Amino acid sequence: MKPRPQPAVAAGLAPGIGIEKLLTAGLVAAAAFLAACAAAPPPELPPAEPSYSALDRADAVVYETWRRFLPEPASWPSRVRLHSGQDGRGEYLQALQVSSLCYFPRFVPRLERALAEAGLTVRSSNIIPRTGGSAFQLVLEAGTGPGYRFEFEQKVRGRLALIIDDVGYTRSGEQLLLSLDYPLTLAILPRLPHSLTWSRIAREGGYETILHFPLEAINPEADIGPGGLRRSASPAEVRETFDRNLATVPGAVGVNNHMGSAFTSDAGAMALFLEEVRRRGLFFVDSLTVGTTATRELAPGLGIPFAVRDVFLDHENREEPIIRQFRRARDLALRGEEAVAIGHYRRLTLELL
């Protein structure tokens, strides 16, 4: 870490006194001083200057933990002293720009753990949404030194929601997915061998989860899997299926459709389905498996938070098309401020991400 300016302590001899006179004066005064020491209480010492080692240690921990998202410490601005405080220790502020790829809900817990391991105590931490970005404020306990406050600012040009579909069949590739530090949304299929397990893994890893709901396809031979709904389902069947599916994907905050080219095109069936989405306080993302979907007309009238998939990343399971589609999604987000992309739980897709 680069050295930080320390408060200057002025100390020196008074001007205009030669060393011989000073020594003579010192010998004469010594006897009187020693005699007085026996009767007089010891003089009060000035308060010690606060230790800045904790501030330097905090800087080092922040950089080592978030080095992928921060500039080199040599280019950090100087700390700003906010106030001196009654005890003279004061509080200091370090304000830094952090990359927009630093997803605060996922990376803040890592930073707090690292600070604790370094013997530093977090007094408060707050993620603050802002127009054109977001911010994170962190305040450390003063302890025996000055207090320390960090403010991390993000500037965001566009937002890309990235959904990983078809989670639940297997845990193969789990570590590969968990190594992705993007703010992913995992769309988990219901009633599969690993549906519950993936719900837990996602929650512990800080990922958002939604129910990947199987719906009837145009192809009558297509196997939509367990927990699926067909257009002929009654209101009671829709409600019961919803309950059973959500029980295997606890913590889901929304729904998107798995297949569903026939179901999503049927306005009557979708009205029943979206009413259950609304009743549970969830949002709906139309995977747009067919262009004739009825959700665009129905969802706004029901007051459901609603989005439509813009790009499928891996319709072709080959490297070049996936990269091309990801760049297309990125460009859409930069032009229109936001976009929704869907990829699948496949090794190649995860490796390229």
Side-chain angles (χ1 to χ4, degrees), residues 65-69 99-111 113-114 159-214 225-227 245-259 282-283 285 287-289 307 309-330 333 338-353:
T65 308
W66 282 7
R67 64 165 55 237
R68 292 165 49 198
F69 311 113
S99 165
S100 61
L101 292 179
C102 182
Y103 179 50
F104 287 145
R106 187 160 172 78
F107 282 98
V108 164
R110 294 184 189 180
L111 179 57
R113 285 195 298 270
R159 297 184 183 274
L160 176 63
L162 187 53
I163 299 172
I164 301 298
D165 269 359
D166 295 354
V167 178
Y169 285 111
T170 178
R171 292 180 63 179
S172 174
E174 173 185 338
Q175 291 307 314
L176 181 57
L177 186 146
L178 294 178
S179 71
L180 298 177
D181 284 321
Y182 303 123
L184 300 177
T185 296
L186 305 188
I188 302 175
L189 286 160
R191 309 189 203 183
L192 293 182
H194 301 287
S195 300
L196 279 168
T197 302
W198 268 111
S199 296
R200 175 184 57 78
I201 292 170
R203 181 174 62 253
E204 293 173 353
Y207 295 114
E208 181 180 70
T209 60
I210 61 178
L211 170 61
H212 195 34
F213 209 120
N245 286 355
L246 285 172
T248 66
V249 189
V253 295
V255 181
N256 76 328
N257 54 293
H258 174 63
M259 300 188 181
L282 305 173
F283 62 77
V285 177
S287 301
L288 205 63
T289 56
R309 184 270 308 166
D310 294 294
V311 174
F312 266 132
L313 297 180
D314 49 9
H315 183 68
E316 296 182 64
N317 193 29
R318 295 185 297 113
E319 181 173 339
E320 185 180 342
I322 293 173
I323 292 174
R324 185 170 60 247
Q325 288 296 90
F326 187 87
R327 289 174 176 167
R328 178 169 167 250
R330 176 201 62 192
E338 61 182 37
V340 178
I342 293 180
H344 293 85
Y345 187 67
R346 300 172 183 162
R347 175 164 290 277
L348 180 58
T349 300
L350 299 180
E351 286 174 348
L352 292 175
L353 287 177

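For the numbers below, each heavy atom of this structure counts, side chains included, while hydrogens, waters and symmetry mates do not. Values in this document were obtained by computation on a predicted structure and should not be read as measured data.
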Only pairs at least two apart or in different chains count here, so list each salt bridge (Lys or Arg N to Asp or Glu O under 4.0 Å) that has a residue in residues 159-174.
->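 Passing the test, one end in residues 159-174: Arg171-Glu174.
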Give every residue pair that meets the salt bridge (Lys or Arg N to Asp or Glu O under 4.0 Å) criterion with at least one member in residues 176-191, sequence neighbours excluded.
->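 Found Arg68-Asp181, Arg106-Asp181, Arg110-Asp181.
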Contacts of type ring pair (Phe, Tyr, Trp, His ring centres under 6.0 Å), residue Tyr345, not counting sequence neighbours |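 For Tyr345, the residues satisfying ring pair (Phe, Tyr, Trp, His ring centres under 6.0 Å) (neighbours in sequence not counted) are Trp198.
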For the residue pair [X] and [Y], what are the closest heavy atoms and their distance?
{"X": "Phe104", "Y": "Pro109", "answer": "O-CD, 4.1 Å"}
{"X": "Ala187", "Y": "Asn256", "answer": "CB-OD1, 3.6 Å"}
{"X": "Leu196", "Y": "Pro250", "answer": "CD2-CD, 3.6 Å"}
{"X": "Thr349", "Y": "His344", "answer": "CB-O, 3.6 Å"}
{"X": "Phe213", "Y": "Gly227", "answer": "CE2-O, 3.5 Å"}
{"X": "Ser287", "Y": "Phe312", "answer": "O-CZ, 3.6 Å"}

Please answer whether the main-chain N or O of Leu189 pairs with a side-chain N or O of Ser195 as donor and acceptor at a distance below 3.5 Å.
->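 Yes; judged by distance alone, with no hydrogens or angles, the pair exists.
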Donor-acceptor under 3.5 Å (Thr185 side chain, Glu208 main chain) |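 No.
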Ion pair Glu316/Arg318, N-O distance below 4.0 Å |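 Looking at Arg318 together with Glu316, the answer is yes, because their closest N to O distance falls below 4.0 Å.
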For side-chain contact (heavy atoms from CB on, under 4.5 Å), just list the numbers for Asp314 and Ile342, CA-CA rounded to whole Å, side-chain angles, deciding distance to a tenth of an Å, and then say yes or no.
-> CA-CA 8 Å; Asp314 49 9; Ile342 293 180; over 6 Å; no
Just wondering, are more than 12 heavy atoms of other shown residues or ligands nearer than 6.0 Å to [atom1] in [X]?
{"X": "Glu338", "atom1": "CD", "value": "no"}
{"X": "Arg200", "atom1": "CZ", "value": "yes"}
{"X": "Glu320", "atom1": "CD", "value": "no"}

Could you tell me whether the side chain of [Y] reaches within less than 4.5 Å of the side chain of [X], counting heavy atoms only?
{"X": "Tyr207", "Y": "Leu178", "result": "yes"}
{"X": "Phe326", "Y": "Leu353", "result": "yes"}
{"X": "Leu177", "Y": "Leu186", "result": "yes"}
{"X": "Leu162", "Y": "Leu313", "result": "yes"}

Nearest 0.5 Å please: distance from the CG atom of Leu192 over to the OG1 atom of Thr170.
->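 Those atoms lie 11.0 Å apart.
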Before giving the answer on side-chain contact (heavy atoms from CB on, under 4.5 Å), spell out for Val249 and Asn245 the whole-Å C-alpha distance, their side-chain angles and the decisive distance to 0.1 Å.
-> CA-CA 7 Å; Val249 189; Asn245 286 355; over 6 Å; no
Mind running side-chain contact (heavy atoms from CB on, under 4.5 Å) on Leu176 and Glu351 for me, showing each step along the way?
-> CA-CA 7 Å; Leu176 181 57; Glu351 286 174 348; 3.7 Å; yes
